[in-house]
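The model shown is predicted, which means the values in this text are computed figures rather than measured ones.
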Amino acid sequence: MRLLGFIILLAALALGFTSPFMLIDAQSFIFVVGLTTAGLIASFGRDASISAVFSRSPNRQAILLGIAACERGKSIALISGMLGVFVGLVIMLNNMDDPSALGPGMAICILTMLYGLILGYGVFLPLCAGLWQKLEDCEE
């Protein structure tokens with residue numbers, strides 16, 4: 001059911017624009033996903049919490065670790081989106097003399113924040129909610 005919600009989120013974003021490809025920027029995507037992944041690996045190790053998200057019957061400790069990782073992932077995704085805004089602003093300000101070069105900087109500004117919001121609230125928040133549900137089911 002959570003997968004259906006994620007698919008509806010992506011479809012709503014894609015259908016809300018005349019061209020869904022307007023929302024695709026590889027630099028912004030790599031920036032947000034790369035920083036978020038690096039932050040999670042630095043915080044929790046390589047494969048911590050993955051088992052809690054995808055396991056049918058994880059133990060309580062794995063669920064708590066998964067919840068902590070998802071909450072941290074949400075925070076890191078939002079922060080990396082905001083960092084992307086600043087990077088895009090620096091690119092824009094460096095190109096103030098060339099109006100045609102302002103567009104790529106603005107795209108990085110807006111799309112990194114969008115990707116950070118989608119990753120934080122569209123991926124990590126539902127995963128965290130699902131883990132909280134698993135924790136409640138585990139305690140009953």
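L127 and C70 make their closest contact through CB-SG, 3.7 Å (heavy atoms, listed as atom of the first residue, atom of the second, distance). Y115 approaches I24 most closely through the heavy-atom pair OH-CA, 3.3 Å. Closest of all the heavy-atom pairs between A77 and G120 is CB-N, 3.9 Å. Heavy atoms only, all atoms of each residue included: V32 and T36 are closest at O-OG1, 2.7 Å. Across all non-hydrogen atoms, the minimal contact from L40 to I76 is N-CD1, 4.0 Å. Counting all heavy atoms, side chain and backbone alike, L102 lies closest to M92 at CD2-O, 3.4 Å.
Cluster membership for M82 and L125, using ILVMFWY side-chain heavy atoms within less than 4.5 angstrom, is shared. There is no path of hydrophobic side-chain contacts, each under 4.5 Å, that joins L93 to L111. Under a hydrophobic clustering in which Ile, Leu, Val, Met, Phe, Trp and Tyr are joined whenever their side-chain heavy atoms come within less than 4.5 Å, directly or via other members, M96 and M106 fall into the same cluster. Under the 4.5 Å side-chain contact rule for hydrophobic residues, I118 and V85 do not share a cluster.
Residues satisfying the side-chain contact (heavy atoms from CB on, under 4.5 Å) criterion with L117, sequence neighbours excluded, are L78, M113, Y121. Every side-chain contact (heavy atoms from CB on, under 4.5 Å) that T37 has, sequence neighbours left out, goes to V33, I41. With sequence neighbours excluded, the residues forming a side chain to side chain donor-acceptor pair (under 3.5 Å) with D98 are S100, listed by chain and number. With sequence neighbours excluded, the residues forming a side chain to side chain donor-acceptor pair (under 3.5 Å) with S28 are D25, listed by chain and number. For S43, the side chain to side chain donor-acceptor pair (under 3.5 Å) partners two or more places apart in sequence, or in a different chain, are R72. Among residues two or more places apart in sequence or in another chain, the ring-ring contact (aromatic ring centres under 6.0 Å, His included) test is passed with F31 by none.
Rounding to the nearest 0.5 Å gives a distance of 7.5 Å between CG of L83 and CD1 of I79. The distance from the CD atom of E136 to the CD1 atom of I63 is 10.5 Å, given to the nearest 0.5 Å. N94 contributes atom CG, which lies 11.0 Å from atom CG of L89 (distance to the nearest 0.5 angstrom). The distance from the CG atom of L119 to the NZ atom of K74 is 12.0 Å, given to the nearest 0.5 Å. Within the model, atoms CD1 of I67 and CG of L135 stand 5.0 Å from one another, a figure rounded to the nearest 0.5 Å.
Side-chain contact between K134 and L131: present, with at least one pair of heavy atoms (C-beta onward) separated by less than 4.5 Å. You'll find the side chain of V87 stays beyond 4.5 Å of the side chain of T112, heavy atoms only.
For E71, the CD atom is densely surrounded, since the number of other residues' heavy atoms within 6.0 Å is greater than 12.
Applying the ring-ring contact (aromatic ring centres under 6.0 Å, His included) definition to pairs two or more places apart or across chains, none involves residues 73-96.
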